[in-house]
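What follows is a set of notes on a single structure, which appears directly below.
Note that the numbering runs from 1 along the sequence shown for the chain. The analysis underlying the following values was restricted to heavy atoms, covering all of them including side chains, and did not include hydrogens, waters or symmetry mates. Just so you know, ligand 1 is whichever comes first in the structure, and atom 1 is the first atom listed for that ligand.
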Amino acid sequence: MIRLFREHKVRTALSLDGCWTLKPRDESGRSFAAMVPGVWERIPALARYRGKAEYSRTVKLEKAANVLLQFGGASHTARVFWDDVQVASHYSAYTAFEALVENAAPGEHTLRVEVDNAYSEESTLHIPNDYQTYGGLNRPVEMQTVGQAFIQRMAFTCDETAEGSYTAHVRVYVKAIADVKNPTVSVQLAGVCAEAQVPPLTAGEETCIALEMNIQNVQRWDLHQGNLYDLWAVLALDGQPVDDLIDRVGFRTVKVDGEKILLNGRPVFLKGFCRHEDHGQFGSAISPDAMMDDLYLMLDMGVNSIRTTHYPNDPRFLDLCDELGLLVWEESHARAIPGEIMRKPLFAEQCRVSNEETVKQHINHPCIYVWGLLNECESETEFGRSVYETQIKQLRELDPSRPVTFASCRHFSDVCLDLVDIVSFNIYPQWYLKESTDEWTPKEIAWMETAGAKNKPIIFSEFGAGGIAGFHDPFSRVKWSEERQADILQEQLTSLLNNPRVAGTYIWQFCDVRTSEETAWCMRRPKVENNKGVVDLYRKPKLSYNTVKAAYTAKNEY
Ligand code: ADA
């Protein structure tokens, strides 16, 4: 399953998760049994392998069919071959993609996926960075069969009309494989049904059916109240159901009102963590129960929000946030991309696709309250502004229902703050900065107000300090000791949580993460890890865990 709930009752879907054969593309001729989802760094012999490797397995069809292969993610570039014919290619580890094989014959077929995690000229988003780019089919894989036409995706947004009543705006995207004459789409949501005739479609054509539904007496989705409803669309041809898609949605509103962020009309304070998809045991392919363990730890610390630094997350993690009633800042993929890479035409194109896939694939998650982009990129120049402007416009067109933000580190020089709905800054008082938070933030906020943040919410989207797990120094509390990390977080949290101008805080970071050895500055990180986690790579809490827990649990979220 690509998600944590049943997505189809009509379409047949078979999980291809499990053991595949993995062959690195090197001289060795080695081959391994590899788990999917998974990353190959878990196999000791491939722990440091970077480059191309081929996953393969056979699949069997009982009868001829149009086969739709769904890949939750491949890290980071993939080419898919069905019986040696290339049927798809995809770039970026963090979004899903599919391959359609029309009229596949009955019997056994070979499925091969060539996965590449090399940093190359063709990759502008996956670059050596302050997190690791693993290799492998890191998210689930599914084989589905579809008929002459199928539902590609759905998009849901809602407006509240009275308490418990909403207008639901549902768009159903249909694609024809063959010519179809009499298609209809019906949608069920919270006990309400709607139906629409689809115009006749010719082979290869795609169309969007927009429906409005009046929904009454539903339970709101709210913080810690993950009230979810199945949105079920069925495609029929001549009255016969031929395909369907189920997603889960929640009824809630998010608005920005002056300096406040309103959830269901009430100002909310975001108590958050930044979280990378990284785990000492699983790499970036984290199983749902381990994801849930992360969420238990964060909930225990009083968290109500998570920032998915620095890329869209596994939808199963978002499913869990939907269920738990946690708010998510989801961002498209990009961390501190150097200016010379931002100037490559490929960067614009890879960002365009990343933004589009992020929003199209995750728009229905009620947990997502804001879209983020371009963390710590060049937002202090005219060129940078044109990049931010283009991409913010694109995000707003893709989803006008959510605010947009980006996390900046261009202190006292950012020229893009007027472009966003929420202004966000990453600060590291007493770590990278000499000043304390109490000294730094009044100056920075005063400047932000003059630079586009006036009458907008302000979020501190990163702050924190490094602490090497197990390294203690209770007396002199030197840099990198767990004690020093806890002291710094204590000062940062006390200052930020008591500042009435601040609408939310995201601690950098939930867990330690591996970084890439390929950058000189990452090599200066002890253990080649970013050690600012409040828990270590294996989720063992550091001293700062209780510091965060005390501060966050004492702070009201409304
Ligand atoms: C930045 C960046 C993070 C991380 C952090 C740090 O703010 O956004 O990805 O690298 O710095 O630990 O220095």
Legend entry - Polar contact flag for H276 and ligand 1 (N/O pairs, less than 3.5 Å): no
Inset, instruction - May I ask you to decide whether D512 forms a salt bridge with K532, counting only side-chain N to carboxylate O separations under 4.0 Å? - result: no
Inset, instruction - Not counting sequence neighbours, which residues clear ring pair (Phe, Tyr, Trp, His ring centres under 6.0 Å) with Y49? List them please. - result: W40
Inset, instruction - Hey, can you tell me if H362 and H365 have their rings parallel, tilted or perpendicular (30° and 60° cut-offs)? - result: perpendicular
Inset, instruction - Considering only non-hydrogen protein atoms, determine which one is nearest to atom 12 (O) of ligand 1 and report residue, atom name and distance to 0.1 Å. - result: K532 NZ, 2.6 Å
Inset, instruction - Have a look at ligand 1 and work out which part of N530, if any, has a heavy atom under 4.0 Å from it: side chain, backbone, both or neither. - result: side chain
Inset, instruction - For the pair H310 and W508, name the ring-plane relationship: parallel under 30°, tilted 30 to 60°, perpendicular over 60°. - result: parallel
Inset, instruction - Could you establish whether N375 and ligand 1 come within less than 4.0 Å of each other, counting only heavy atoms on the residue side? - result: yes
Legend entry - SB check E529 R525 (cutoff 4.0 Å): no
Inset, instruction - Give the numbers and elements of all ligand 1 atoms closer than 4.0 Å to a heavy atom of R525. - result: 6 (C), 12 (O), 13 (O)
Inset, instruction - Assess H310 for proximity to ligand 1: is some non-hydrogen atom of it under 4.0 Å away? - result: yes
Inset, instruction - Please work out which of the three classes, parallel, tilted or perpendicular, describes the rings of H76 and Y119, given edges at 30° and 60°. - result: parallel
Legend entry - Protein residue, atom and distance nearest to atom 3 (C) of ligand 1, heavy-atom basis: E462 OE1, 3.4 Å
Inset, instruction - May I ask you to say whether E435 pairs ionically with K443, meaning some side-chain N is under 4.0 Å from a carboxylate O? - result: yes
Inset, instruction - Compare Y131, Y432, Y428 and give the one whose heavy atom is closest to atom 13 (O) of ligand 1. - result: Y432
Legend entry - Shortest protein contact, atom 4 (C) of ligand 1 (heavy atom only): D130 OD2, 3.4 Å
